Amino acid sequence: MAGTLSEKFELIIGGRETPGSLGERRTLLDPATNRPLAEAAVASRDDARAAMEAADRAYQESNWASDDGARRVRALGRLATLLESDLERFARLETLNMGKPLRESRADIAYVVRTLEYFAGLADKVEGETIPVPGPRFDYTLREPLGVTVHIAPWNYPLLLSIRSVAPALAAGNAVVLKPASLTPLTAIAFGRLAKTAGVPDGILNIVPGNGGEVGEALVDDPRCRSVTFTGSGDVGRRIAELAARRFVPLTLELGGKGPAIVFPDADLERAAKGVGYGIFGNAGQMCWAASRLFVHESIREPFVDKVRAIANGLRLGPGTEDGVEMGPLVSRDQAERVLEYVEEARSRGGHVVAGGARVTDPPLAEGNFVRPTVLTDVPAESRAVREEIFGPVLSVASFADVEDAVRQANDTTYGLLGTVWTRDLGTAHTVARRLETGMVVVNEAPTTYPQTPFAGAKSSGLGFEQGARAIETFTRTKNVVLNLGAPKKRG
Ligand code: NAD
């Protein structure tokens, strides 16, 4: 069945676009309507192997890794420029495929541009050091690329979360095999084409969307795989960690979250309510770092919840491509159903749905995967809706008595990605920031990150980190060289 996009979306292996060894295609649906959008090639295990082979050959044969980095600086810089001039097309493609409002897709693509610029700037600064050692010796270290690196991405920020690790891997001189999520491969494929135009050598960036259990596992299990970066769910992360452990392959895991938003009574409550709203209803809540548990001081609970509820009820839902839309559909029907199951579970345990809590049933949105922005109160702390990552626009509310109580409740989760704190008191902000068991904390703002700052999860939210200058270390290994210079010559 043909979709509304007539463009062909193929695998990219060794610089060539190919339908893959089996010629299998997947019909992608527009999440706003569930009508066919496009058809994209689906990789097989053989295609995964071919991509690893192509990457390995390009790594060995091109000078991508071996020159002084100038080539990588230029190629990544050009890629940033090309992407920036094509931002609108990429943003549209992301929105059509994934559903988020165009405004958010534009910000995502702009973020990818900045990520490329940032790592382009580091590509010729991959440096070793010299170390004093005894005797007539000279000791130095080299930072060398790893070889072929594998990157497996989720569907919630399709291009952004792919390139977040691909950019430093390329900057450090590796050859990359990227597996985007099977639901959302379109922008990654379009990006692969742009990389060729920008001068990234054939085979240095390979793109093989496909089934995770088949293609993803084949990539991780391949003997040429020297590093894995996985962004996705904890269960799949555990499976990948097991596979990687068999061959001691280094691994970065960016997993789920159940972030707290802690609101103190001295905060700017208007701003806080907007930030709390954005922290859970942005991207229709499909964010690993969503602030999905609101803890509000007991003295301001009622008025604050009223503000958040008004925001939830006031958001304009619609297809992401429509002007003025503030929240799009969820990525798939399954995802919408999963989210509503959590709401039902909370309700069955005595929780109150004070906003949303249902699908949109009025035409024309009824055809799409729209779930109303939802606020739950009085849900027992042990309910699944409070403990598990919902990955949808569902906020649960609890109150706290003091700093101690807020920190205890916020940390009462297996996750530890990002916490937000709202207060005007620097001491309170700093105390809570120190005591949250999370990889990131944001004060007086909705979840925020930059290509130059580490993106890290604590507890079961992940292993390692992405972004920041030190991300280059993730994709290089240190080699130590001792040079014995021989006995010093005796002076005349
Ligand atoms: P997912 O784990 O189902 O899939 C992620 C990727 O892994 C996809 O490309 C999928 O095809 C692939 N995959 C699935 N099974 C595999 C296997 N056995 N071996 C190898 N690869 C496999 O996750 P999702 O549903 O796409 O994304 C949602 C999850 O991602 C949420 O839990 C969310 O919190 C998490 N996430 C984390 C971050 C972060 O930075 N910490 C960012 C975004 C999303």
Side-chain angles (χ1 to χ4, degrees), residues 26 40 42-43 45 48 97-98 100 108 111 115 150-166 177-185 187-188 207-222 225 228-246 249 251-259 280 282-292 330-332 334-336 338-339 342 388-392 413-418 438-440 447 449 451 453-467 471:
R26 179 182 183 129
V42 177
R45 277 179 212 276
N97 194 179
M98 193 272 159
K100 67 177 72 179
D108 289 1
Y111 195 95
T115 302
V150 167
H151 307 252
I152 300 179
W155 46 257
N156 59 336
Y157 293 86
L159 190 64
L160 191 159
L161 292 178
S162 297
I163 305 311
R164 187 169 77 176
S165 67
V166 163
V177 179
L178 165 67
K179 195 201 88 59
S182 19
L183 280 179
T184 54
T187 44
I207 300 174
V208 280
N211 179 282
E214 277 178 38
V215 178
E217 293 201 13
L219 297 175
V220 175
D221 222 14
D222 190 284
C225 166
V228 179
T229 303
F230 170 76
T231 307
S233 61
D235 286 344
V236 176
R238 193 169 297 109
R239 169 74 186 140
I240 289 179
E242 284 164 7
L243 288 176
R246 290 190 201 162
V249 173
L251 164 86
T252 303
L253 296 176
E254 294 284 4
L255 308 174
K258 193 74 187 173
I280 184 63
N283 206 8
Q286 301 162 111
M287 305 182 280
C288 52
W289 67 0
S292 49
L330 301 196
V331 73
S332 66
D334 285 355
Q335 187 64 15
R338 213 170 299 143
V339 167
Y342 278 106
E388 297 178 14
E389 183 182 44
I390 298 180
F391 226 54
T413 167
T414 54
Y415 291 112
L417 195 55
L418 184 143
T438 56
M440 296 172 282
T449 186
T453 61
F455 195 101
K459 291 154 73 175
S460 57
S461 286
L463 194 66
F465 65 93
E466 290 188 46
Q467 301 189 151

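Counting convention: from 1, in listed order, for ligands and their atoms alike. Note that the structure is predicted; figures quoted are calculated from it, not measured. In this chain, residues are counted from 1 in sequence order.
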Residues Met440, Thr453; criterion side chain to side chain contact (heavy atoms under 4.5 Å, CB included); working and verdict = CA-CA 10 Å; Met440 296 172 282; Thr453 61; over 6 Å; no
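- Taking the side chain as every heavy atom from C-beta outward, Ser460 and Leu255 never approach each other to under 4.5 Å.
- Note on ligand 1: Ala153 sits in its first shell, one or more heavy atoms being nearer than 4.0 Å.
- At a 3.5 angstrom cut-off on N or O pairs, Arg239 does not count as close to ligand 1.
- Of all the heavy atoms of Ile240, the ones lying under 4.0 Å from any atom of ligand 1 belong exclusively to the side chain.
- Taking 4.0 Å as the cut-off, Phe230 counts as a neighbour of ligand 1 on heavy-atom distance.
- Counting only N and O atoms by type, the side chains of Glu466 and Thr229 include no donor and acceptor under 3.5 Å apart.
- Residue Ile152 touches ligand 1 through its side chain alone, judged by heavy-atom distances below 4.0 Å.
- Counting heavy atoms under 4.0 Å from ligand 1, residue Phe391 touches it through the side chain alone.
- Protein heavy atom at the shortest distance from atom 35 (C) of ligand 1 is Gly232 O, 3.2 Å.
- Close approach of ligand 1 to Gly216 is summarised as follows: ligand atoms under 4.0 Å from at least one heavy atom of the residue are 20 (C), 21 (N).
- Those atoms of ligand 1 that come under 4.0 Å of a heavy atom in Pro154, given as number and element, are 26 (O), 27 (O), 43 (C), 44 (C).
- In this structure, Leu159 and Asp108 have side chains that are not in contact, with every pair of non-hydrogen atoms separated by 4.5 Å or more.
- Of the protein's non-hydrogen atoms, the one nearest atom 26 (O) of ligand 1 is Trp155 CD1, 3.0 Å.
- In this structure the side chain of Ile152 reaches within 4.5 angstrom of the side chain of Lys179, judged on heavy atoms.
- Close approach to Leu161 involves these atoms of ligand 1, each under 4.0 Å from a residue heavy atom: 42 (C), 43 (C).
- Scanning the protein for heavy atoms near atom 11 (O) of ligand 1, the closest one is Lys179 NZ, 2.8 Å.
- Considering only non-hydrogen protein atoms, atom 3 (O) of ligand 1 sits nearest to Ser233 OG, 3.9 Å.
- Here the shortest heavy-atom pairing between Arg164 and Thr115 reads CA-CG2, 4.3 Å.
- Closest non-hydrogen pair, Gly210 versus Val42, comes out as CA-CG1, 4.0 Å.
- The shortest side-chain heavy-atom distance between Pro185 and Asn97 falls under the 4.5 Å cut-off.
- In this structure, the protein non-hydrogen atom closest to atom 13 (N) of ligand 1 is Gly212 CA, 3.3 Å.
- If you check which protein heavy atom lies closest to atom 18 (N) of ligand 1, you get Glu217 OE2, 2.8 Å.
- Atom 41 (N) of ligand 1 has Leu255 O, 2.7 Å as its closest protein atom, hydrogens excluded (heavy atom only).
- Using modelled atom types, no side-chain atom of Glu389 and backbone atom of Lys258 make a donor-acceptor pair closer than 3.5 Å.
- The shortest contact between atom 36 (N) of ligand 1 and any protein heavy atom is with Cys288 CB, 3.5 Å.
- In this structure, Arg164 has a heavy atom closer than 4.0 Å to ligand 1.
- Phe455 counts as a contact of ligand 1, since one of its heavy atoms falls under 4.0 Å from the ligand.
- Of all heavy-atom pairs spanning Phe391 and Gln286, the tightest one is O-CG, 3.5 Å.
- Under a 4.0 Å criterion applied to the non-hydrogen atoms of Thr231, ligand 1 contributes the atoms 5 (C), 37 (C), 38 (C), 39 (C), 40 (O), 42 (C), 43 (C).
- Of all heavy-atom pairs between Met98 and Asn156, the closest is CE-O, 3.5 Å.
- The closest approach between any non-hydrogen atom of Gly213 and ligand 1 is below 4.0 Å.
- Residues Tyr415 and Ser292 are not in side-chain contact: their nearest non-hydrogen atoms beyond the backbone lie 4.5 Å or more apart.
- In terms of polar-atom proximity, Glu389 is counted as a contact of ligand 1, with an N or O under 3.5 Å from an N or O of the ligand.
- The presence of a protein heavy atom under 4.0 Å from atom 30 (O) of ligand 1 is confirmed.
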Give the C-alpha distance, both sets of side-chain angles, the deciding distance and a yes or no for side chain to side chain contact (heavy atoms under 4.5 Å, CB included) between Trp155 and Gln335.
-> CA-CA 11 Å; Trp155 46 257; Gln335 187 64 15; 3.9 Å; yes
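- Nearest heavy-atom pair across Ala471 and Phe465 is N-CE1, 3.8 Å.
- Residue Asn156 touches ligand 1 through its side chain alone, judged by heavy-atom distances below 4.0 Å.
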